[in-house]
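Contents: one structure, followed by commentary.
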Amino acid sequence: MGNPNEAMRIGYPCVNRSIGCTASSTFRLASYSEERVEAAVSSNLSCLSRMLGYNLRAGLLFFRISSDTVPFASHPVCRFDWRGRFRKELKEIGALAKDNGMRISMHPDQFTLLNSQDEGITERSIRELEYHCALLDAMNLPRSAKVQIHAGGVYGDKESASARFVERYKKLPSAIRKRLVVENDERLYSVKDLLAISGSCGIPVLFDSFHNECLNTGEKAADALRAAMDTWSDADSLPMTDYSSQEPGGRFGKHAEHIDIAHFRRYIRRTEGLDFDIMLEIKDKERSAIKALALARRMGRI
DNA sequence: CCATGTCAAGGTCAC
DNA sequence: GTGACCTTGACATGG
């Protein structure tokens, strides 16, 4: 269950609201040109570098890179050799992360569906995964830099949909398999469903604590977390997890705008003795992450 | 210059 | 069967 010699890390996804740049700049497909991609990637990488510097100074050693870093990278329209053009910048960012013990991850969005009934959708999804893994490879990051997806749709029959996921996972190129992990969602696939999938193909299960609050099979959160952690090997580094809480007054399943510090304290207390990395999926990003880190330090967990 | 509608991609659910 | 919703920041357009 991960390498016990590492300290836990806390981080936030994709966007920093303090430093005044974005690493997710993109444009409309209709206005696609090689010049636009190059300009966007150039600006995104320089901002990403600044964000990692900020995170390092703040002690936030876990960060999710935006899928928009290279806009349209997996789209057929894109012929741009971004790996060649930004070779140096990508390596520098990777070195910055590695040299400082930072963990990097990515999360392709809801359109990435390995288990679709439509082979074309699966094919496009695999191209999307190839892009994500190629970006992390170009940064020279180790296999602990993971790419997380959800199990996909149910299509009226979860068992066969799960079997399709397993079958397709097994056929993936090793460059993808070594990074891919699967995360429980809030409506369709519980931790228990994913443990079954993992049992059939070995994919690590990423525990999302908030989704697990929304959808579970009655077990204690710490038990579900422990079971998910057991699917990670030492080579994968510490298990990754997502954390959030319900936005008060918001629709069921809506992520909080700001950290509910009492809720987070309970979570840290209930998971005592377990070491895992925590990605805070909270709207105000680094602001809540800084508070969470301070609390985890006071509680002696980090 | 600001406000508002829109953006590559799929699936589910309410109606 | 159709359309709203998911989730989301940032682009693009129109006033």
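Residue numbers start from 1 in every chain, and the chains themselves are labelled A, B, ... in the order their sequence lines are given, proteins ahead of strands.
- If you check every strand for non-hydrogen atoms under 4.0 Å, Arg127(A) touches nothing.
- OP1 and OP2 of dG9(C) both lie 4.0 Å or more from every side-chain N or O belonging to Lys283(A).
- In this structure, of dA10(C), dA8(B), dT12(B), it is dA8(B) that holds the atom nearest to the side chain of Leu29(A).
- If you measure from atom CD of Glu119(A) to atom P of dA9(B), you get 21 Å, rounded to the nearest angstrom.
- Contact annotation for Ser125(A): no contact, since no heavy-atom pair falls under 4.0 Å across all strands.
- Judged by distance alone, the side chains of Ser25(A) and Asn44(A) do bring a donor and an acceptor atom under 3.5 Å apart.
- Here Phe72(A) lies in heavy-atom contact (under 4.0 Å) with a base.
- Contact between the side-chain N/O atoms of Ser66(A) and the OP1/OP2 oxygens of dG9(C) is not found at any separation under 4.0 Å.
- Taking only side-chain atoms of His75(A), from C-beta outward, the nucleotide of dG11(B), dA12(C), dA8(B) with the closest atom is dA8(B).
- Thr26(A) has no side-chain polar atom (N or O) that falls below the 4.0 Å cut-off from OP1 or OP2 of dA10(C).
- Taking the C1' atoms as reference points, dA4(C) lies 16 Å from dT6(B), given to the whole Å.
- Residue Ser31(A) places at least one side-chain N or O closer than 4.0 Å to OP1 or OP2 of dA12(C).
- Only the P atoms considered, dT8(C) is 26 Å distant from dC2(B), to the nearest whole Å.
- Distance CD1 (Ile121(A)) to P (dA8(B)): 17 Å, rounded to an integer number of Å.
- Between dA9(B), dC11(C), dG9(C), one nucleotide has an atom nearer to the side chain of Asp109(A) than all others, and that is dA9(B).
- Here, dA9(B) and dA12(C) have their P atoms 16 Å apart, quoted to the whole Å.
- In this structure, Val77(A) reaches neither bases nor backbone, as no heavy-atom distance under 4.0 Å exists between it and the strands shown.
- Side-chain N or O atoms of Ser198(A) include none that pairs as donor or acceptor with a backbone N or O of Leu194(A) at under 3.5 Å.
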Strand DNA chain C as a dot-bracket string - pairs counted if Watson-Crick or G-U with both distances under 3.5 Å, | where the partner lies in another strand: ||||||..|||||||
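- Ring geometry for Tyr12(A) versus Phe63(A): interplanar angle over 60°, hence perpendicular rather than tilted (30 to 60°).
- Among dA10(C), dC6(C), dG11(B), the nucleotide with an atom closest to any side-chain atom of Gln110(A) is dC6(C).
- Residue-level contact check: Glu186(A) touches the backbone only, with heavy atoms under 4.0 Å from sugar-phosphate atoms and none from bases.
- Under the side-chain contact (heavy atoms from CB on, under 4.5 Å) rule, Leu206(A) has a single partner from Glu183(A), Met279(A), His211(A), which is Glu183(A).
- Nearest to the side chain of Thr22(A), among dA10(C), dA12(C), dG11(B), sits dA10(C).
- In this structure, Asp284(A) atom CG and dT8(C) atom C1' are separated by 15 Å, rounded to whole Å.
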Walk me through whether Leu215(A) and Arg187(A) qualify under side chain to side chain contact (heavy atoms under 4.5 Å, CB included). CA-CA 6 Å; Leu215(A) 176 72; Arg187(A) 296 175 304 136; 5.7 Å; no
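- To the nearest angstrom, P of dA9(B) lies 14 Å from CG of Asp118(A).
- Of the candidate nucleotides dG9(C), dA12(C), dT12(B), dT12(B) has the atom lying nearest to any side-chain atom of Val154(A).
- Within the structure, every side-chain polar atom (N or O) of Arg28(A) is placed at least 4.0 Å from both OP1 and OP2 of dT13(C).
- Here the closest non-hydrogen pair linking Glu186(A) and Cys214(A) is CB-CB, 3.7 Å.
- Phe86(A) is linked by a ring-ring contact (aromatic ring centres under 6.0 Å, His included) to nothing, counting only residues two or more places apart in sequence or in another chain.
- Taking atom C1' on both dC11(C) and dG10(B), the two are 22 Å apart, rounded to the nearest angstrom.
- In this structure, NZ of Lys285(A) is placed 13 Å from C1' of dA10(C), rounded to the nearest angstrom.
- Ring geometry for His75(A) against Phe72(A) counts as perpendicular: the plane angle is over 60°, on a 0 to 90° scale with 30° as the lower cut.
- The side chain of Arg187(A) lies closest to dT12(B), out of dA9(B), dT12(B), dG9(C).
- The residue Thr112(A) sits apart from the nucleic acid: no heavy atom pair falls under 4.0 Å.
- In this structure, Gln117(A) atom CD and dA9(B) atom P are separated by 20 Å, rounded to whole Å.
- Going from atom CG of Asp208(A) over to atom P of dC6(C) covers 17 Å, rounded to whole Å.
- When the P atom of dG10(B) is taken as reference, atom CG of Leu114(A) falls 15 Å away, rounded to whole Å.
- For the side-chain contact (heavy atoms from CB on, under 4.5 Å) test, residues two or more places apart in sequence or in another chain that qualify with Ile19(A) are Asn16(A), Cys21(A), Arg50(A), Met51(A), Tyr54(A).
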